[in-house]
Engineer: 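Sharing a structure, written as structure tokens. Questions coming.
Everything numeric here is computed off the predicted structure, so don't read it as measured data. Keep in mind that the numbers below use all heavy atoms, side chains included, and drop hydrogens, waters and symmetry copies.
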Amino acid sequence: MNHIIIVRSYKPGDEINCKELVKAGVMSSLNSTFLGIVFKELTFQLMILFAAIMFIFFGLPLTVCILVIPFVIFLVYVGTYITFTVKTIEVNEEVSNIPRIYMSNAFSCFWVAEAFEPYLMTHNPKNVHYTIMTEQQFRDSNIDISSQIKKIVGTVALCKSYRLDKGAWIKRLYVHERYRRKGIASCLINVAVQFAITEGYSCANLVASEYTDGGRELSLKKGFELQQMYHKPILGSLITVLMYELTYQIKPGEADYMPVVYTRSMLNK
């Protein structure tokens, strides 16, 4: 078994790798979000409006007025990029405080998915099969990793919600682009949901944008339901992105959500 991924709780020393992964995760949906906004009806209306103003009120030639199209596209990209950059700074600040925010009490936690691979990795991770296990399962397996390197390829966190009664938020669900579609995100969601069940939460919620279809579809397959939709501003209230809040309702007898129970104590063993 040369390629394995261990899901474990955050440990001191993970901060730098987590920051890099989370930053890449936030920025990975920049282009899809930008293209989605560009092709929205409102964006076309802005192009037409600006072109009409230049043509009617300023008497500029039509060929010059058409230049408003790339200008609006550029404006949308700048606004989208700034929004994502601000989000990245915010998330980096949070990652810098993981021990205080997520690991200082029994009702929240931060997990990472750590890949173990040969030093001379000759294959693209997309084409490699990985066995996913807990840290305890890894120790019980007695797998020799002396000739392997490790890297953090996924993260997820859960914390108490101050808006929802006995509710929790699942946050920072990211998987490295080259390690997607291998069941890592599914396992990370399982870990977070089972932790919420174990700690007695009534529900676990997460948020996904209209441009992160993969994460939203996976959550729905895992038993999450649509709670509400709202618009998040990109360029003020002029251009927005549709956000989906999904909820996993925790009910009595639902502790068999996963075949293996992942609790913090188990992951820290």
Engineer: Can you confirm whether Glu114 sits close enough to Phe138 that some side-chain heavy atom of one is under 4.5 Å from a side-chain heavy atom of the other?
Structural biologist: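 Not touching, per the 4.5 Å side-chain cut-off.
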Engineer: Under 3.5 Å, is there a donor on one side chain and an acceptor on the other for Glu117 and Tyr130?
Structural biologist: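 Glu117 vs Tyr130: donor-acceptor pair found between side chains.
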Engineer: In the single-linkage hydrophobic clustering (I, L, V, M, F, W, Y; side-chain heavy atoms under 4.5 Å), do Ile170 and Met229 co-cluster?
Structural biologist: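 Yes, one cluster joins them.
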Engineer: What's the spacing between Tyr244 OH and Gln228 CD if we round to 0.5 Å?
Structural biologist: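 Here the interatomic distance stands at 13.0 Å.
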Engineer: Find out if a path of hydrophobic residues (ILVMFWY) with successive side-chain heavy-atom gaps under 4.5 Å connects Ile16 to Val153.
Structural biologist: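 Cluster IDs for Ile16 and Val153 differ.
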Engineer: With a 4.5 Å limit on heavy-atom distance, are the side chains of Cys159 and Phe110 in contact?
Structural biologist: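 No, too far: nothing below the 4.5 Å cut-off.
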Engineer: Suppose we screen for ring-ring contact (aromatic ring centres under 6.0 Å, His included). Which residues come up paired with Tyr211, at least two apart in sequence or across chains?
Structural biologist: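 In terms of ring-ring contact (aromatic ring centres under 6.0 Å, His included), with neighbours along the sequence ignored, Tyr211 is linked to no residue.
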Engineer: For Lys11 and Glu135, run salt bridge (charged side-chain N to carboxylate O under 4.0 Å, His left out): C-alpha distance rounded to whole Å, both residues' side-chain angles, the deciding distance at 0.1 Å, then the answer.
Structural biologist: CA-CA 12 Å; Lys11 296 178 181 179; Glu135 194 168 21; 2.6 Å; yes
Engineer: Is Val86 reachable from Val78 through a run of hydrophobic residues whose side-chain heavy atoms are each under 4.5 Å from the next?
Structural biologist: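 Same hydrophobic cluster.
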Engineer: Could you please spell out the steps behind the salt bridge (charged side-chain N to carboxylate O under 4.0 Å, His left out) verdict for Lys221 and Glu217?
Structural biologist: CA-CA 6 Å; Lys221 289 179 181 178; Glu217 291 175 2; 5.5 Å; no
Engineer: What's the shortest heavy-atom distance between Leu158 and Phe195, and which atoms?
Structural biologist: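 Minimum heavy-atom separation between Leu158 and Phe195: CD2-CD2, 3.8 Å.
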Engineer: Please check this pair: side chain of Lys40 against backbone of Val241, looking for a donor-acceptor N/O pair closer than 3.5 Å.
Structural biologist: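 Between the backbone of Val241 and the side chain of Lys40 there is no qualifying donor-acceptor contact (under 3.5 Å).
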Engineer: Nearest 0.5 Å please: distance from the OG1 atom of Thr240 over to the CD1 atom of Ile37.
Structural biologist: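 With rounding to 0.5 Å, OG1 (Thr240) is 8.0 Å from CD1 (Ile37).
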Engineer: Is any side-chain heavy atom of Leu246 closer than 4.5 Å to one of Leu226?
Structural biologist: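 Side-chain contact under 4.5 Å: yes.
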Engineer: Under 3.5 Å, is there a donor-acceptor pair between the side chain of Thr155 and the main chain of Arg172?
Structural biologist: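 Yes: the side chain of Thr155 pairs with the backbone of Arg172.
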Engineer: Restricting to non-hydrogen atoms, name the atom on Arg216 and the atom on Ser209 that form the minimum distance, rounded to 0.1 Å.
Structural biologist: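 Taking Arg216 first and Ser209 second, the nearest heavy atoms are NH1-O, 3.0 Å.
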Engineer: Which heavy-atom pair separates Ile184 from Ile5 by the least distance, and what is that distance?
Structural biologist: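 Scanning both residues completely, I find the closest heavy atoms to be CD1-CD1, 3.2 Å.
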Engineer: Is the backbone of Phe107 close enough, under 3.5 Å, to the side chain of Tyr201 for a donor and an acceptor to pair up by distance?
Structural biologist: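 The answer is yes, because a donor-acceptor pair under 3.5 Å joins these two groups.
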Engineer: Charged N to carboxylate O under 4.0 angstrom, Glu20 versus Lys23?
Structural biologist: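 Salt bridge flag = no for Lys23 with Glu20.
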Engineer: Heavy-atom count around Arg163 CZ within 6.0 Å, excluding the residue itself: above 12?
Structural biologist: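 Buried by this count: over 12 neighbours within 6.0 Å.
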Engineer: Once the angle between the rings of Tyr77 and Tyr81 is folded into 0 to 90°, is it parallel (under 30°), tilted (30 to 60°) or perpendicular (over 60°)?
Structural biologist: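 Judged by the thresholds at 30° and 60°, the geometry between Tyr77 and Tyr81 is parallel.
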Engineer: Hydrophobic clusters here meaning ILVMFWY residues chained together by side-chain heavy-atom distances under 4.5 Å, can you tell me if Ile89 and Val26 are in one?
Structural biologist: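 The answer is no; the residues belong to distinct hydrophobic clusters.
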Engineer: Could you tell me whether the side chain of Ser29 and the main chain of Ser32 form a donor-acceptor pair under 3.5 Å?
Structural biologist: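 It does not hold such a pair.
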Engineer: Honestly curious: do Ile53 and Val72 fall in one hydrophobic cluster under the side-chain, below-4.5 Å linking rule?
Structural biologist: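 In one cluster with Ile53: Val72, yes.
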Engineer: Give me the atom names and distance for the closest heavy-atom approach of Ala204 to Phe224.
Structural biologist: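 Closest approach of Ala204 to Phe224, heavy atoms only: O-CE2, 3.3 Å.
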Engineer: Counting N and O atoms only, with roles assigned by atom type, does the side chain of Glu210 sit under 3.5 Å from a partner on the main chain of Leu242, one being a donor and the other an acceptor?
Structural biologist: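 Judged by distance alone, yes, a pair lies under 3.5 Å.
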Engineer: Kindly compute the distance separating SG (Cys18) from CD (Glu15), expressed to the nearest 0.5 Å.
Structural biologist: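 With rounding to 0.5 Å, SG (Cys18) is 8.5 Å from CD (Glu15).
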Engineer: Taking the side chain as everything from C-beta on, heavy atoms only, tell me whether Ile152 gets closer than 4.5 Å to Tyr174.
Structural biologist: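 Side-chain contact under 4.5 Å: no.
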Engineer: Would you check if Phe84 and Thr33 make a side-chain contact, meaning some heavy-atom pair closer than 4.5 Å?
Structural biologist: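 In short, these two side chains touch, coming nearer than 4.5 Å.
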Engineer: Using the side-chain contact (heavy atoms from CB on, under 4.5 Å) rule, take Ile189 and Val156 through it: C-alpha gap first, then chi angles, then the decisive distance, then the call.
Structural biologist: CA-CA 7 Å; Ile189 290 177; Val156 73; 5.7 Å; no
Engineer: Between atom CD1 of Ile69 and atom CD1 of Ile48, what is the distance when rounded to the nearest 0.5 Å?
Structural biologist: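 Ile69 CD1 to Ile48 CD1: 8.5 Å, rounded to 0.5 Å.
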Engineer: Give me the atom names and distance for the closest heavy-atom approach of Thr247 to Cys203.
Structural biologist: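 Heavy atoms only, the tightest pair is OG1-CB, 3.7 Å.
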Engineer: Atom CZ in Arg8, atom CD in Gln136: separation rounded to 0.5 Å?
Structural biologist: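 Between atom CZ of Arg8 and atom CD of Gln136 there are 14.5 Å.
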Engineer: If I take atom NZ from residue Lys171 and atom CG from residue Asn205, how far apart are they, to the nearest 0.5 angstrom?
Structural biologist: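 So the gap between those two atoms works out to 12.5 Å.
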Engineer: Can you see which heavy atom on Ser9 is nearest to which on Asp14, and at what distance?
Structural biologist: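 For Ser9 and Asp14, the tightest heavy-atom pair comes out as O-OD2, 4.4 Å.
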